[in-house]
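Position 1 is the first residue of the sequence; numbering continues from there. Both backbone and side-chain heavy atoms feed into the values below; hydrogens, waters and symmetry mates do not.
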Amino acid sequence: MARHVYRGDAVSAAGAAVTELDADAPERDDAGRVEAEASRLRVETVASNPLSGPITVPARVAIGDTGITAQPFALGTSTFGWTLGADDAFAVLDRFAGTGGSLVDTADSYAAGRSESIIGMWLASRRTHGRMSVMTKVGRHPDHPGLAPKQINASVEASLSRLGVERLDLVHFHGEDSEVPLEESLGAIDALIAAGKVGAIGASDFGTDRLIEARVLAANGLPRFQTFTTRYNLMERKPFEGAPELVAHAQGLAVLPYFALANGFLGGQVRRRADVRHDARGARQAKHLGRRGHRVLAAVDEVAFAHGVQPATVALAWLLAKPTIAAPVASATRPEQVDALLAAAAVELTRSELVELDRASA
């Protein structure tokens, strides 16, 4: 199979990854030409600032039926206001927007709302409200816990205020609430959608039974879940693969896997115990150290070398090769990390590479 060369476009100050045909490659057969054309369709040229000119970035895709179109990657912001202050968060967001990124993931419970506040300040200071799409979650804020209609209304109003927007593009129910009938929660969202305060609704960490119940309720006129967020990555496959994946596929849910890099482990910076930081994130990374973790990193390294990209890029490209995945969610603590994350959409893994990654992570 023909190999592609992936490298940053010279006109992009941030080095956005693009797909180019290897000029020295031999003439391709029909299959090779089809593959080359498919690769071209994975990127697009967009306007940038006057100094750097236009940049070539991964093409936008529809995020289910939410009405959102974005590059197939969402910037996670759970660290904003927790381990990342406003200035550092602004630098990451600037890099993300500057390389064509437009989908930001947050929650009203991240740093008790501080994440949303930082995003809101950035949106206002950069005047990017019309270009960026923000999806948030409700149900776990300490002041508005659960999914009772009163709590949902209060949570949405608070998120609108912190983000400084008139409408939340996408709201996820942040986990199930066994004490509140689902039809009451969906009814509250229905009213908020009618009022123009919410664009679409999704589920986060819902069980398959609850997802099926939601679809039945949607058939009777209540809002339908459009997206599903869940923990899924090369190191953590079993909870999603199986019934949740089948239900998501059957319902046409756009899956947005969070912890797509296994708390940063798949970025390849942690290879031994001495590399582990002594904090909560480090503890989560440390649990992946072992024979399986090293086997996965070795397979990721091999594929990354073949494509000339970072390990994190390959880990996200593996997710994007799955039919139900719309956009992985991953965070960055430094601006330069953003490039490797956005680059995944421009990398097309071969069948043999996917098989090897599946085998190593089984």
List the steps, then state whether side chain to side chain donor-acceptor pair (under 3.5 Å) holds for Glu356 with Ser352.
-> CA-CA 6 Å; Glu356 179 57 27; Ser352 62; over 6 Å; no
Yes or no on side chain to side chain donor-acceptor pair (under 3.5 Å) for Thr136 and His172, after CA distance, side-chain angles and deciding distance?
-> CA-CA 6 Å; Thr136 192; His172 287 102; over 6 Å; no
Verdict with reasoning, Glu245 to Tyr232, per side chain to side chain donor-acceptor pair (under 3.5 Å) | CA-CA 11 Å; Glu245 185 175 22; Tyr232 184 45; 4.9 Å; no
Apply side chain to side chain donor-acceptor pair (under 3.5 Å) to the pair Ser115 and Thr77, showing each step before the final yes or no.
-> CA-CA 7 Å; Ser115 174; Thr77 63; 3.0 Å; yes
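The existence of a salt bridge linking Arg334 and Asp88 is excluded, since no basic side-chain nitrogen approaches an acidic carboxylate oxygen closer than 4.0 Å. Using a cut-off of 4.0 Å between Lys/Arg side-chain N and Asp/Glu carboxylate O, Glu157 and Lys197 are scored as salt-bridged. Asp205 has no carboxylate O lying under 4.0 Å from a charged side-chain N of Arg231, or vice versa, which leaves the two without a salt bridge. Electrostatic pairing of Lys322 and Asp358 counts as a salt bridge here, judged by a charged N lying under 4.0 Å from a carboxylate O.
The backbone N or O of Leu147 lies less than 3.5 Å from a partner atom in the side chain of Ser185, making a donor-acceptor pair. No donor-acceptor pair under 3.5 Å is formed between the side chain of Arg167 and the backbone N or O of Gly196.
When each of Leu261, Val314, Leu316 is paired with Leu266, the side-chain contact (heavy atoms from CB on, under 4.5 Å) condition holds for Leu261 and for no other.
The ring of Phe225 has its center closer than 6.0 angstrom to the ring center of Phe206.
Listed here is the closest heavy atom pair of Asp301 and Pro311: OD1-CG, 3.8 Å. Listed here is the closest heavy atom pair of Ser109 and Arg140: CB-O, 3.5 Å. Of all non-hydrogen atoms in Leu256 and Ala326, the two that sit nearest each other are CD2-CB, 4.1 Å. Of all the heavy atoms in Ala154 and His144, the pair that sits closest is CB-ND1, 3.4 Å. Glu213 and Leu182 make their closest contact through OE2-CB, 3.8 Å (heavy atoms, listed as atom of the first residue, atom of the second, distance). Here the closest heavy-atom approach between residue Pro145 and residue Gln151 is recorded as O-CG, 3.3 Å.
A donor-acceptor contact closer than 3.5 angstrom links the side chains of Ser159 and Glu116.
When the shell of 6.0 Å around NE2 of His249 is examined, it contains 12 or fewer heavy atoms from other residues, nucleotides or ligands. Around CZ of Arg127, the count of heavy atoms belonging to other residues, nucleotides or ligands within 6.0 Å does not exceed 12. Residue Glu336 qualifies as enclosed at atom CD: its count of foreign heavy atoms under 6.0 Å is above 12.
Follow the hydrophobic side-chain contacts under 4.5 Å out from Val338 and you reach Trp122 in the same cluster. Put simply, Leu342 and Met132 are part of the same group of oily side chains (I, L, V, M, F, W, Y) that touch within less than 4.5 Å, one to the next. A single hydrophobic cluster is seen to contain both Met235 and Leu297, as judged by linkage of ILVMFWY side chains at heavy-atom distances under 4.5 Å, directly or through other members. Note on Val303 and Phe265: same hydrophobic cluster, where clusters join Ile, Leu, Val, Met, Phe, Trp and Tyr whose side-chain heavy atoms are under 4.5 Å apart, directly or indirectly.
Looking only at side-chain heavy atoms (C-beta outward), Leu160 and Glu166 stay at 4.5 Å or farther from each other.
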